[in-house]
Asks: 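So that we are looking at the same thing, I have put the structure below in structure tokens.
We name chains A, B, ... by the order of the sequence lines, and we start the count at 1 in each one.
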Amino acid sequence: MNSFAYIKPRTKEEALSVLHELGARAKIAAGCTNVLPDIKAKKLADCVLVDISSLAELKGIKVTGETITLGSLVTISELLESEAVASDAAVLWQAAKVFADPLTRNRATIGGNLANASPAGDGIVPLMALGAIVTVENVNGKREIPLEDLFTGPGQNALKPDELITAVSFARATNTKSNFIKFGLRKSMAISLVSIAVVMETNGDKLDRIRIALGALAPTPVRAKKTEELLAGKQIGPEVLEQASELIKTEVEPITDVRASREYRLHLTGVLLKRAIETALA
Amino acid sequence: MEIMNEVKVTINVNGQQVTATVAPEESLLDFLRNRAGATEVKCGCNKGDCGTCTVVLDGQTVKSCLVLAAQADNKQVLTVKGLEKEQLMQDLQVSFANHGAVQCGFCTPGMLVTAKTFLEKNPQPSRQEIREALSGNLCRCTGYQKIVDAVAAVAAGKNDK
Amino acid sequence: MALKYVGHSLPSKDAILKVTGQMFYTGDMQLANMLYAKLLLSPVAHGLIKKIDTTAAENMAGVVKVFTYADVPKVPYNSYIWYFGQDEPKTEYLLSDKARFVGDRIAVVVAESAAIAARAVRAIKVEYEELPAATNPFEALQGGQVAIHPGGNLLDEVEFQVGDPEQVWPGAEVVITDTITTPRTHHAAMETHACLAACSPDGQVTIWSPCQGVYGVRANVAEVLKLPLNKVRVIKAPVGGSFGGKQETLLEPLTAFLARATGRPVLLVLDRRETILATRTRTATKSVIKSAVTADGTLLARDIETVIDAGAYTANSRVIARAMGKKHFRLYRIPHMHYKATAVYTNTPVAGGHRAWGSPQVCAVTEIHMDHIARQLGLDPVELRLKNLVQPYDRDPLSGHSLGNARVRDCLHTGAREFGWWQKRERPQKNGRFRRGIGVACGSHPISYFSAHQDLTSMSLKMHEDGSLTLNTGLHDMGCGLTTALAQIVAEELEIDPSLINVMEADTERGLYDIGTYASRNTYVGGACALKVARKLKELLLQQAAILFKTTPEYLATGAGKIWVKGQETQSRSYGEIVAAAMLQNQVDFIVSTTHRSAALPVAYAAHFAEVEVDIETGLVQVVDFVAVHDVGKAINPGFVEGQIHGGVQMGIGYALYEEIKITPEGRPLNDSFKDYFVVNAPEMPEVRVFLVEKGEAGGPFGAKGVGEIATVPAAPAVANAVNNALGTNFCDLPLTPAKILARLKQG
């Protein structure tokens with residue numbers, strides 16, 4: 001009696017056909033930083049572990065023209081070591097720097113972080129602020145999903161059972177100012193109580209465009225679009241920041257859990273928005 | 001390629017090929033302790049929260065409770081014992097002992113593995129960088145201070161205190 | 001004469017085993033034919049067991065047997081009992097027939113592998129009839145609550161008094177009252193609980209346990225299994241951290257029973273969740289403290305009424321209620337004091353001792369309150385304490401015994417200087433996002449059981465024919481370096497290198513008696529015994545050498561492990577030569593033994609100073625500086641002392657800011673893993689500056705006191721006081737989480 005089975009496809013095509021065959025019985029195993037704790041906590045059972053960890057097609061960071069593409073098996077440590085990420089996706093690099101702890105970063109993959117769909121996913125929030133597009137594939141072909149449409153609820157994503165995240169890509173954010181703040185009770189090895197990523201295009205002291213993504217403030221990571229609109233085209237000063245930090249609280253729906261209360265998370269949202277923008281501009 | 005209810009794996013543990021048939025969900029930690037006799041790899045939480053089970057897997061420092069044994073098939077694992085062949089690990093071991101970085105000793109094998117791979121990447125760290133590097137390894141006895149002392153001493157080339 | 005080994009930071013004797021991964025902890029042990037046990041813990045906080053179906057589990061391949069309450073002896077015991085014949089209420093059984101908290105032991109599977117046992121546990125089906133749960137003591141005491149035990153939910157009440165505080169209140173210039181709460185915490189030793197038991201055909205059961213008291217374990221196991229004491233052998237295994245978490249007899253009776261029932265060795269290793277929920281926790285308390293004080297800060301009277309959450313079983317709560325009270329009488333000179341404690345059963349994880357047995361709680365209560373008094377009176381917190389602290393050789397007003405060379409004032413002076421207290425006090429507060437604050441707290445903790453319980457320990461010391469030695473003890477090294485420290489003491493007395501001395505730890509069959517490694521008594525009591533037994537061996541050596549040299553001992557001189565007739569150093573003989581010759585010629589064995597009883601109740605003291613930075617926009621607190629000054633009498637091994645203090649401060653910062661096992665009103669635990677139960681990790685720890693006051697304690701070896709528990713006692717209130725200083729608040733409820741701080745700041 002064993003509720004788990006295992007299969008290790010040798011190519012992406014094999015992996016897709018396995019998923020096609022197994023459908024909902026499949027559970028992708030890559031870095032396993034969530035899969036194994038879920039198995040131990042009995043949150044996961046009766047499934048076939050589809051080990052994609054050695055699929056070369058899903059590895060590597062590619063820069064093509066103005067686009068950076070991360071294979072879904074790129075680890076958080078690889079993000080930290082990537083010059084392209086450090087210079088052209090600073091917000092993602094900053095998030096990688098505070099992701100879990102140094103050991104977990106060696107295993108956790110960006111694809112796994114997206115698939116896991118945690119409302120607090122520290123990989124998701126910066127990618128959302130970068131306007132990332134997720135490539136998912138099944139035996140019939142591939143489709144692209146804007147990251148902000150990927151999630152349907154806590155731990156739930158819009159993937160069909162036979163689909164696999166193969167890559168995530170975004171435009172190089174060369175002429176932008178950005179910042180990621182993770183607020184946890186410890187500097188590392190802490191799950192975010194609230195996280196925020198901002199990516200801004202500025203013109204002198206005017207803010208042309210801003211993307212704001214938030215973690216742990218709603219059933220899924222979210223963009224704060226009303227606040228983005230409010231700030232777009234504005235000169236950034238204390239007054240407008242104050243306005244924005246009030247408005248942003250209306251865009252989120254935090255819950256109370258063991259880590260923090262709804263009220264506390266709401267308060268942090270405003271504080272962190274100001275800090276993120278101020279730090280990015282500094 | 002087939003769906004398997006159990007998986008035959010061969011993992012090189014500290015230079016020894018160890019072959020066993022494992023359950024799909026078996027962790028590398030369980031493999032190391034129960035099948036390879038590598039009891040120097042400790043289990044403090046089994047959920048990736050404490051770092052006592054830290055080993056080097058094909059050159060990467062990992063928490064072995066967060067790796068499937070099946071995923072380590074045909075790979076090389078080095079525990080604190082396997083790393084002992086290297087001078088840097090020996091220096092760290094001596095430094096930990098001499099600086100009082102070891103109390104109950106349960107976190108020690110994992111701490112040493114993390115410290116060793118960290119110093120390879122960053123040979124001249126600040127104390128704060130050492131602290132950040134060890135942030136995934138918990139210790140309840142030492143308050144970390146003498147562990148940081150021991151790592152800093154090796155970095156400074158002063159192992160004998 | 002300068003000391004050669006004592007007072008030096010030698011490395012721990014077992015460090016080499018630990019850094020090379022060759023130390024075998026209980027969970028690493030393997031015996032032929034060994035079975036693995038796994039517990040089924042209750043998922044309900046309070047409920048009657050209507051039905052347990054173990055069929056599916058028992059039918060699984062590799063499962064040997066599943067045990068429930070119906071299969072185990074119906075003998076109640078108290079896990080806390082640590083010496084034979086100790087009389088305490090017994091409310092616990094090997095397996096429960098009623099679930100009293102989430103984590104109660106309901107069933108246990110024994111199987112051929114740990115994986116099979118884990119799978120089988122999931123196949124056990126239990127039907128519960130849920131009962132209303134009482135999860136805080138106040139609720140549990142209300143009428144109409146379902147009784148957790150037949151006698152009701154009130155476990156015990158106790159009162160102590162000196163003088164007559166009631167007379168003081170009406171005329172007092174100032175009376176200040178605070179309500180202070182301390183959380184339920186997890187010991188968080190990195191090694192989870194484990195036990196290995198095997199039985200031999202003659203019925204003797206052998207138990208390997210990372211425990212703190214083999215004789216207490218033996219007493220409990222013998223009682224539950226109805227065995228003579230000599231049929232229970234308990235061997236202390238390497239301890240991967242305890243901090244009191246492994247001091248009670250938790251897994252041993254059940255594991256021993258399983259080994260006897262199956263006839264095979266059985267290993268039981270808990271996982272982290274089980275260790276958090278199903279072992280012991282630091283007792284949560286809520287106290288009302290009231291002090292009468294003159295305008296210039298002299299304490300006149302004090303009253304503390306505390307309510308103790310015992311959790312679901314008796315364990316040590318009756319006793320900790322008393323311990324907390326007694327400890328409170330030993331820090332300040334207060335002529336009129338009253339203490340009352342009420343211990344209450346609740347449907348929550350069981351409370352027990354956790355590093356300093358009530359001292360962290362009562363210290364948090366008095367020291368946070370002291371700072372409140374200082375603020376009210378406009379006095380400096382250091383000055384207020386200096387006005388009231390005990391003096392060396394004051395008497396404990398409750399017991400009448402001397403506090404010994406109580407050097408808490410020296411600690412406070414040294415700490416204030418090294419911390420830069422006065423300079424930091426005068427620094428203007430910063431405006432803006434970060435506020436700095438400084439805090440101080442003093443603490444006390446006894447270092448023996450003198451006058452409270454038996455407080456004896458026995459040792460034997462054998463010198464072999466080559467001059468090497470074996471010191472046999474009944475003590476338990478928990479990683480703090482005890483065996484090395486004992487070797488240093490013996491080495492100093494015999495003038496030989498400590499590496500020549502093996503130190504054996506507790507084993508009820510092969511070792512000697514000791515009441516247990518509790519109460520920070522290892523150095524003060526155990527170390528004194530080691531010194532005594534070394535002196536005795538030296539006497540024997542001199543006596544036998546005198547026969548060999550054809551003289552009398554007073555004409556002999558010793559040094560560097562040699563003996564010679566005064567004036568004839570060139571004809572010296574080594575200890576080994578003397579032993580070998582005397583064994584041959586005089587038919588003498590070089591083994592001596594002794595029993596040491598403590599003869600006083602000295603107290604260890606400390607003063608901790610913390611500086612914090614509080615982010616007033618988020619409530620996050622960072623400890624940026626920490627000074628810990630300890631009255632240790634004499635540090636046998638200063639490195640070990642510092643190490644324990646560093647660890648104690650880490651635990652205390654956690655107690656102040658992060659750590660709490662959270663239980664919902666329905667009794668559901670919210671943080672049963674290190675993911676959400678935060679212990680302080682390396683980046684959060686400040687560099688702790690340790691200073692030692694070494695003024696000697698009569699009765700301690702070379703003047704040494706203990707340090708293991710006092711190390712953590714004042715740390716949390718020092719941090720809390722620093723936060724209150726930074727914010728002008730009077731926070732009284734640990735831990736001071738960012739959300740709590742922010743909520744208070746928003747109130748204005």
Asks: Sort C45(B) into side chain, backbone, both or neither according to what part of it lies under 4.5 angstrom from a heavy atom of chain A.
Replies: neither

Asks: Are more than 12 heavy atoms from other residues, nucleotides or ligands located less than 6.0 Å from atom NZ of K97(A)?
Replies: no

Asks: Is there a donor-acceptor pair under 3.5 Å between the side chain of T10(B) and the backbone N or O of N74(B)?
Replies: no

Asks: Given side chains that start at C-beta, do those of S82(A) and V74(A) come closer than 4.5 Å, heavy atoms only?
Replies: no

Asks: For chain B, which candidate among C32(A), S53(A), G31(A), P9(A) shows the most heavy-atom pairs at distances under 4.5 Å?
Replies: C32(A)

Asks: Let me know if V7(B) has heavy atoms under 4.5 Å from chain A in its side chain, its backbone, both or neither.
Replies: side chain

Asks: Donor-acceptor pair, distance only, cut-off 3.5 Å: does the side chain of N138(A) make one with the backbone of G141(A)?
Replies: yes

Asks: Would you indicate whether K27(A), at its atom NZ, is surrounded by more than 12 heavy atoms from other residues, nucleotides or ligands within a distance under 6.0 Å?
Replies: no

Asks: If you apply the rule salt bridge (charged side-chain N to carboxylate O under 4.0 Å, His left out), what do you find for R105(A) with E78(A), and how did you get there?
Replies: CA-CA 8 Å; R105(A) 286 171 215 154; E78(A) 286 166 351; over 6 Å; no

Asks: Are there residues of residues 113-142 of chain B whose heavy atoms fall under 4.5 Å of chain A's heavy atoms? If so, which?
Replies: T114(B), K121(B), E132(B), A133(B), S135(B), G136(B), N137(B), L138(B)

Asks: Which bit of T61(B) comes within less than 4.5 Å of chain A, counting heavy atoms only: side chain, backbone, both or neither?
Replies: both

Asks: Of all of D101(A), L49(A), I39(A), which one pairs up most often with chain B through heavy atoms under 4.5 Å apart?
Replies: D101(A)

Asks: Would you say the side chain of Q71(B) lies within less than 4.5 Å of the side chain of L28(B), judging by non-hydrogen atoms?
Replies: no

Asks: Examine whether an atom of A190(A) lies under 4.5 Å from a heavy atom of chain B, and if so say whether it belongs to the side chain, the backbone or both; otherwise answer neither.
Replies: neither

Asks: Between S77(A) (side chain only) and N106(A) (backbone N and O only), is there a donor and an acceptor less than 3.5 Å apart?
Replies: yes

Asks: Could you tell me which of P102(A), A29(A), A100(A), A108(A) has the largest number of non-hydrogen atom pairs under 4.5 Å with chain B?
Replies: P102(A)

Asks: For S178(A) and V91(A), which heavy atoms make the closest approach, and how far apart are they?
Replies: OG-N, 3.6 Å

Asks: Flag the one option from L68(B), V62(B), D73(B), T54(B) with the top tally of heavy-atom pairs under 4.5 Å to chain A.
Replies: L68(B)

Asks: Which region of E2(B), side chain (C-beta onward) or backbone (N, CA, C, O), has a non-hydrogen atom less than 4.5 Å from a non-hydrogen atom of chain A, or is it both or neither?
Replies: backbone

Asks: V35(A) versus chain B, heavy atoms under 4.5 Å apart: side chain, backbone, both or neither?
Replies: neither

Asks: May I ask you to say whether K63(B) pairs ionically with D49(B), meaning some side-chain N is under 4.0 Å from a carboxylate O?
Replies: no

Asks: Is the count of non-hydrogen atoms from other residues, nucleotides or ligands lying under 6.0 Å from Q16(B) atom CD greater than 12?
Replies: no

Asks: In terms of heavy-atom proximity below 4.5 Å to chain B, should R186(A) be classed as side chain, backbone, both, or neither?
Replies: side chain

Asks: If I measure from the heavy atoms of chain B, does L44(A) come under 4.5 Å with its side chain, its backbone, both, or neither?
Replies: neither

Asks: Given L79(A) and I76(A), is the side-chain contact (heavy atoms from CB on, under 4.5 Å) satisfied, shown in steps?
Replies: CA-CA 5 Å; L79(A) 294 177; I76(A) 307 305; 4.2 Å; yes

